[in-house]
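Letters A, B, ... are given to chains in the order of the sequence lines, protein chains preceding strands, and every chain is numbered from 1. Note that these values count all heavy atoms, side chains included, but never hydrogens, waters or copies made by symmetry.
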There are 2 protein chains.
Amino acid sequence: MAVYTISQVAEKYHMRPSTLRYYEDLGLLYNVPRQGGHRVYTDALLNRLGAICCYKNAGMSLEELQEFFHYTESQEDVAKTVALLDEVDTRIQHQIAELQANYLQIQRKKHYFAAIQTALAQGQPKPDWADFCNQQYV
Amino acid sequence: MAVYTISQVAEKYHMRPSTLRYYEDLGLLYNVPRQGGHRVYTDALLNRLGAICCYKNAGMSLEELQEFFHYTESQEDVAKTVALLDEVDTRIQHQIAELQANYLQIQRKKHYFAAIQTALAQGQPKPDWADFCNQQYV
DNA sequence: ATAACGCTTCAAGCTAACTTGAAGTCAAGG
DNA sequence: CCTTGACTTCAAGTTAGCTTGAAGCGTTAT
């Protein structure tokens, strides 16, 4: 069971060492062992950090994460934990749906500008956006 | 062709009037006509605002949007516009993939905590997270 | 005509989430 | 022994993206 230095963890999770210290200040990571005064991260801590990143990515604030971990740690109020997870669940589904709609829109724009590029290169008149989709604004 | 007041637009797009004024200050929305000193939003402006929300949602900063619109308006550097759109494209794809992975993780957690809840209600021992998936941390 | 209401501008203020700086500690290498 | 380099703490600073406050204007209702 390997352990990691703060900068190794930071690199692995694409964040700065200062961010890890900050999360520790907030109580999101705790009981981080030290060796010669230096933080040492265990697999359990890495897993927890992975969870933090997951929730954060789903749109939870660090404050909500504090609340969440408070519930799960205290082993009281499992119902609240489940409710919070449900909240994250619907939030993430909405996000995915919205992003997919946005993705289609971006595709249309890309094709439109690519067509403009081609037309310019061939000295032809620029295509009209309305030809690509019904009066969508650039 | 209908026009809207600032508060109507704000409501329609789930933002505050102050945000619309702020975007105008940044130059993202411009040439907004006035009637008796009050802003009046046309369909073209609403479409533009829709585009702004789309790009923003895709993870572009307002600064990048300024750059983007600078290119598209000036009609120079279509290549840069296409490059920026490509950037947004890959960004949005990564986001969707990551969110979907996160979604699965959240589902596992939900089932785990729901099982705990059931077990508690029936006075049974709590299930172990390891039974649900391989040693993933809560 | 006078009050209410929804807007206007402009500058200043706010919040979340980090990031940076100063001053100091620890273990390893020369 | 002394230096180097990666860490430590703690307080203060930064950034993006708004939001608020103060003072004032223009149209409508009483």
Side-chain angles (χ1 to χ4, degrees), chain A residues 2-42 45-46 48-70 87-88 91 95, chain B residues 2-42 45-46 48-70 87-88 91 95:
Chain A
V3 293
Y4 309 85
T5 67
I6 195 168
S7 50
Q8 286 170 335
V9 176
E11 186 175 4
K12 203 173 159 88
Y13 284 81
H14 312 105
M15 43 176 67
R16 305 279 192 89
S18 64
T19 309
L20 289 167
R21 285 189 277 261
Y22 174 61
Y23 284 0
E24 204 173 328
D25 287 347
L26 293 183
L28 296 180
L29 291 171
Y30 53 84
N31 289 345
V32 181
R34 316 285 163 128
Q35 279 175 11
H38 289 201
R39 286 171 181 82
V40 156
Y41 292 84
T42 60
L45 282 166
L46 291 201
R48 186 182 188 95
L49 181 56
I52 290 170
C53 293
C54 172
Y55 294 134
K56 210 169 81 69
N57 198 36
M60 286 179 90
S61 69
L62 299 183
E63 200 178 355
E64 283 173 309
L65 285 183
Q66 288 178 319
E67 188 191 358
F68 180 80
F69 285 125
H70 172 73
E87 164 67 25
V88 180
R91 220 183 273 187
Q95 270 190 76
Chain B
V3 293
Y4 308 85
T5 67
I6 195 167
S7 50
Q8 285 170 335
V9 176
E11 187 174 6
K12 203 173 159 88
Y13 285 80
H14 312 104
M15 43 175 68
R16 305 278 192 91
S18 63
T19 309
L20 288 168
R21 284 190 277 260
Y22 174 61
Y23 284 0
E24 203 173 326
D25 287 347
L26 294 183
L28 296 180
L29 291 171
Y30 53 83
N31 289 345
V32 182
R34 315 285 162 128
Q35 279 175 11
H38 290 200
R39 286 171 181 81
V40 156
Y41 292 84
T42 61
L45 282 166
L46 292 202
R48 186 182 188 95
L49 181 56
I52 290 170
C53 293
C54 172
Y55 294 134
K56 209 169 82 70
N57 198 37
M60 286 179 88
S61 68
L62 299 184
E63 201 178 353
E64 283 174 308
L65 285 183
Q66 288 178 319
E67 187 191 358
F68 179 80
F69 286 124
H70 172 72
E87 165 67 24
V88 180
R91 220 183 273 187
Q95 270 190 78

**Student:** Should A/Tyr23 be listed as having a side-chain N or O under 4.0 Å from OP1 or OP2 of C/dA17?
**Tutor:** no

**Student:** Could you check whether B/Ser18 gets within reach of a base, just the sugar-phosphate, or nothing at all, counting any heavy atom under 4.0 Å?
**Tutor:** base

**Student:** Look at B/Thr19 and D/dG17 and indicate whether a side-chain polar atom (N or O) is within less than 4.0 Å of OP1 or OP2.
**Tutor:** no

**Student:** If you compare every side-chain N and O of B/Lys56 against the phosphate oxygens of D/dC18 (OP1, OP2), does one of them come in below 4.0 Å?
**Tutor:** yes

**Student:** Let me spell it out: for each of A/Arg21 and B/Asp25, pick the nucleotide of DNA chain C with the closest heavy atom. Which residue's pick is nearer the 5' end?
**Tutor:** B/Asp25

**Student:** Any chance you could measure A/Glu11, atom CD, to A/Ile6, atom CD1, to the nearest 0.5 Å?
**Tutor:** 13.5 Å

**Student:** Check the phosphate of C/dT9 against B/Arg34, side-chain N and O only, distance under 4.0 Å to OP1 or OP2. Yes or no?
**Tutor:** yes

**Student:** Rounded to the nearest Å, what distance is computed from the OH atom of residue A/Tyr22 to the P atom of nucleotide D/dC10?
**Tutor:** 16 Å

**Student:** Using the six-membered ring of A/Phe69, assess whether NZ or CZ of A/Arg48 lies under 6.0 Å from its centre and within 45 degrees of the ring axis.
**Tutor:** yes

**Student:** What is the separation between atom CG on A/Leu26 and atom C1' on C/dA16, rounded to the nearest whole Å?
**Tutor:** 10 Å

**Student:** How long is the gap from CG on B/Leu49 to CG on B/Leu28, to the nearest 0.5 Å?
**Tutor:** 9.5 Å

**Student:** Look at the side-chain N and O atoms of B/Thr5 and state whether any lies under 4.0 Å from the OP1 or OP2 oxygen of C/dC7.
**Tutor:** yes

**Student:** Under a 3.5 Å distance rule, please check whether A/Arg91 uses its side chain to pair with a backbone N or O of A/Gly59 as donor and acceptor.
**Tutor:** yes

**Student:** Between A/Leu28 (CG) and C/dA17 (P), how many Å, whole number?
**Tutor:** 10 Å

**Student:** Tell me whether the OP1 or OP2 atom of D/dC7 has a side-chain N or O from A/Ser7 closer than 4.0 Å.
**Tutor:** yes

**Student:** More 5' along DNA chain D: B/His38 or A/Val40, using each one's nearest nucleotide?
**Tutor:** A/Val40

**Student:** Over how many whole Å does the gap from B/Leu29 atom CG to D/dG17 atom P extend?
**Tutor:** 15 Å

**Student:** Treating B/Gln66 as the side-chain partner and B/Leu26 as the backbone partner, does any N or O pair qualify as donor plus acceptor under 3.5 Å?
**Tutor:** yes

**Student:** Using whole Å, report how far CG of A/Leu20 lies from C1' of C/dT19.
**Tutor:** 13 Å

**Student:** Which nucleotide in the set D/dT8, C/dC7, C/dA17 lies at the smallest distance from any side-chain heavy atom of A/Ile6?
**Tutor:** D/dT8

**Student:** DNA chain C: A/Leu62 or A/Arg16, which has the more 5' nearest nucleotide?
**Tutor:** A/Leu62

**Student:** Let me know the distance between CD of B/Gln66 and P of D/dC18, rounded to the nearest Å.
**Tutor:** 12 Å

**Student:** Closest approach to the side chain of B/Glu63, judged atom by atom: which nucleotide of D/dA16, D/dC7, C/dT8 is it?
**Tutor:** D/dA16

**Student:** What's the CD-P distance between A/Glu64 and C/dT15, to the nearest Å?
**Tutor:** 17 Å

**Student:** Can you figure out which of D/dT9, D/dC7, C/dT20 approaches the side chain of A/Arg39 most closely?
**Tutor:** D/dT9

**Student:** Would you kindly give the CD-to-P distance between A/Glu24 and D/dC10, to the nearest whole Å?
**Tutor:** 11 Å

**Student:** Just by modelled atom types, is the B/Pro17 backbone N or O under 3.5 Å from a matching donor or acceptor in the B/Tyr22 side chain?
**Tutor:** no

